[in-house]
Amino acid sequence: MSEMGREDLLAVVRTVWEERDPVPPGLVERAQAAAGLAATDAATDAALDLDGELVALMELVERSEELVGARGSATYTLRFVHGETDLLVRIAVDDGRSRIDGWVVPPEPMTVRAGGHEATVTDTGRFELDDLPLGMLRLDLEPHDAHRAPFATPAFEI
């Protein structure tokens with residue numbers, strides 16, 4: 001039995017790794033989109049900071065997935081926190097489009113914007129955004145109370 005050289009051994013490991021644990025389809029593109037969006041977020045925050053308004057990002061504290069539907073539909077929930085404000089969003093994807101049902105706790109009048117869509121939070125804290133495209137998204141929340149600064153969720157993928 002002959003001994004393998006370093007390069008031969010690495011070639012075997014590379015071959016086995018590529019066959020047994022390939023990179024998932026679309027992972028590179030999604031990672032590049034996330035990095036691009038993060039850079040945009042940083043640039044946006046910096047621009048807002050120059051105008052005297054700093055957008056604080058909420059913290060993602062929970063993610064859960066529900067059972068997948070029979071026709072390729074998917075539903076999951078995300079929970080974000082910023083100070084005393086909780087934001088729970090339920091994201092439903094069906095036929096290449098998505099819908100977000102959201103609840104702000106405690107209820108507070110505010111406007112929620114995402115992907116060119118806009119909704120107003122009701123007095124019960126509920127809002128909905130319909131017919132959103134798939135991809136990276138960030139929710140921007142603007143309280144109607146002029147003394148409260150706007151805040152946003154980190155970018156997430158639908």
Side-chain angles (χ1 to χ4, degrees), residues 17 20-158:
W17 185 13
R20 301 293 181 168
D21 191 18
V23 176
L27 177 65
V28 172
E29 293 80 10
R30 290 194 309 267
Q32 290 172 334
L37 195 54
T40 301
D41 285 347
T44 300
D45 289 348
L48 290 171
D49 196 25
L50 291 175
D51 293 338
E53 274 189 75
L54 181 62
V55 175
L57 290 179
M58 301 183 86
E59 180 181 355
L60 176 64
V61 293
E62 186 176 333
R63 177 187 171 113
S64 63
E65 297 193 24
E66 299 171 18
L67 294 175
V68 175
R71 294 181 304 150
S73 61
T75 303
Y76 60 96
T77 57
L78 302 173
R79 182 175 161 240
F80 300 94
V81 173
H82 173 66
E84 299 297 318
T85 303
D86 269 34
L87 172 65
L88 178 67
V89 293
R90 178 181 178 270
I91 300 159
V93 178
D94 193 19
D95 290 331
R97 302 301 285 183
S98 66
R99 173 187 171 93
I100 293 179
D101 292 288
W103 294 267
V104 175
V105 179
E108 176 183 350
M110 64 177 66
T111 301
V112 181
R113 293 182 181 88
H117 293 72
E118 182 177 301
T120 301
V121 175
T122 67
D123 57 353
T124 61
R126 191 178 185 296
F127 69 91
E128 61 188 51
L129 297 164
D130 202 8
D131 200 30
L132 294 167
L134 302 183
M136 296 302 291
L137 191 69
R138 185 177 88 174
L139 299 177
D140 295 310
L141 296 94
E142 183 178 333
H144 292 180
D145 180 353
H147 299 291
R148 295 234 319 141
F151 50 96
T153 66
F156 57 90
E157 183 176 7
I158 294 182

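Just the heavy atoms: all of them, side chains too, but no hydrogens, waters or symmetry mates, feed the values below. Predicted model only: the values in this text are computed from it and were never measured.
- By the 4.5 Å heavy-atom criterion applied to side chains, Val105 and Leu88 are not counted as neighbours.
- Remark: Asp140 engages Arg138 in a salt bridge, criterion side-chain N to carboxylate O under 4.0 Å.
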Step by step, would you call Val93 with Leu134 a side chain to side chain contact (heavy atoms under 4.5 Å, CB included)? CA-CA 8 Å; Val93 178; Leu134 302 183; 3.6 Å; yes
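- Remark: Arg126 CZ to Thr120 OG1 distance equals 13.0 Å, nearest 0.5 Å.
- From Met110, atom CE reaches atom CZ of Arg148 across 5.5 Å, with rounding to the nearest 0.5 Å.
- In this structure, OG1 in Thr122 is found 12.5 Å from CD in Glu108, a value given to the nearest 0.5 Å.
- Taken to the nearest 0.5 Å, the CG atom of Asp131 stands 5.0 Å off from the NE2 atom of His117.
- Using a 4.5 Å heavy-atom cutoff, the side chains of Arg79 and Asp86 are in contact.
- The side-chain heavy atoms of Ile91 and Thr77, taken from C-beta on, include no pair separated by under 4.5 Å.
- Contact check for Phe80 versus Phe156: side-chain heavy atoms found under the 4.5 Å cut-off.
- Closest approach of Leu129 to Ala119, counting heavy atoms only: CD2-CB, 3.6 Å.
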Between Trp103 and Val89, is the side chain to side chain contact (heavy atoms under 4.5 Å, CB included) condition met? List the steps. CA-CA 6 Å; Trp103 294 267; Val89 293; over 6 Å; no
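- The minimum heavy-atom distance between Gly125 and Pro107, with the atom names listed, is N-CB, 3.6 Å.
- Pro143 approaches Pro150 most closely through the heavy-atom pair CD-CA, 3.8 Å.
- Using a 4.5 Å cut-off on side-chain heavy atoms (C-beta onward), Val112 and Val121 make contact.
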Verdict with supporting geometry, Leu132 and Arg97, side chain to side chain contact (heavy atoms under 4.5 Å, CB included): CA-CA 6 Å; Leu132 294 167; Arg97 302 301 285 183; 5.9 Å; no
Could you go through Thr75 and Arg90, starting from their C-alpha distance and side-chain angles, then the distance that decides it, and tell me whether this counts as side chain to side chain contact (heavy atoms under 4.5 Å, CB included)? CA-CA 7 Å; Thr75 303; Arg90 178 181 178 270; 3.5 Å; yes
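- From Phe127, atom CZ reaches atom CG of Leu139 across 5.5 Å, with rounding to the nearest 0.5 Å.
- Taken from CZ in Arg99 to CD1 in Ile158, the straight-line distance is 12.5 Å, to the nearest 0.5 Å.
- A 4.5 Å side-chain heavy-atom check between Ile100 and Leu137 finds at least one atom pair inside the cut-off.
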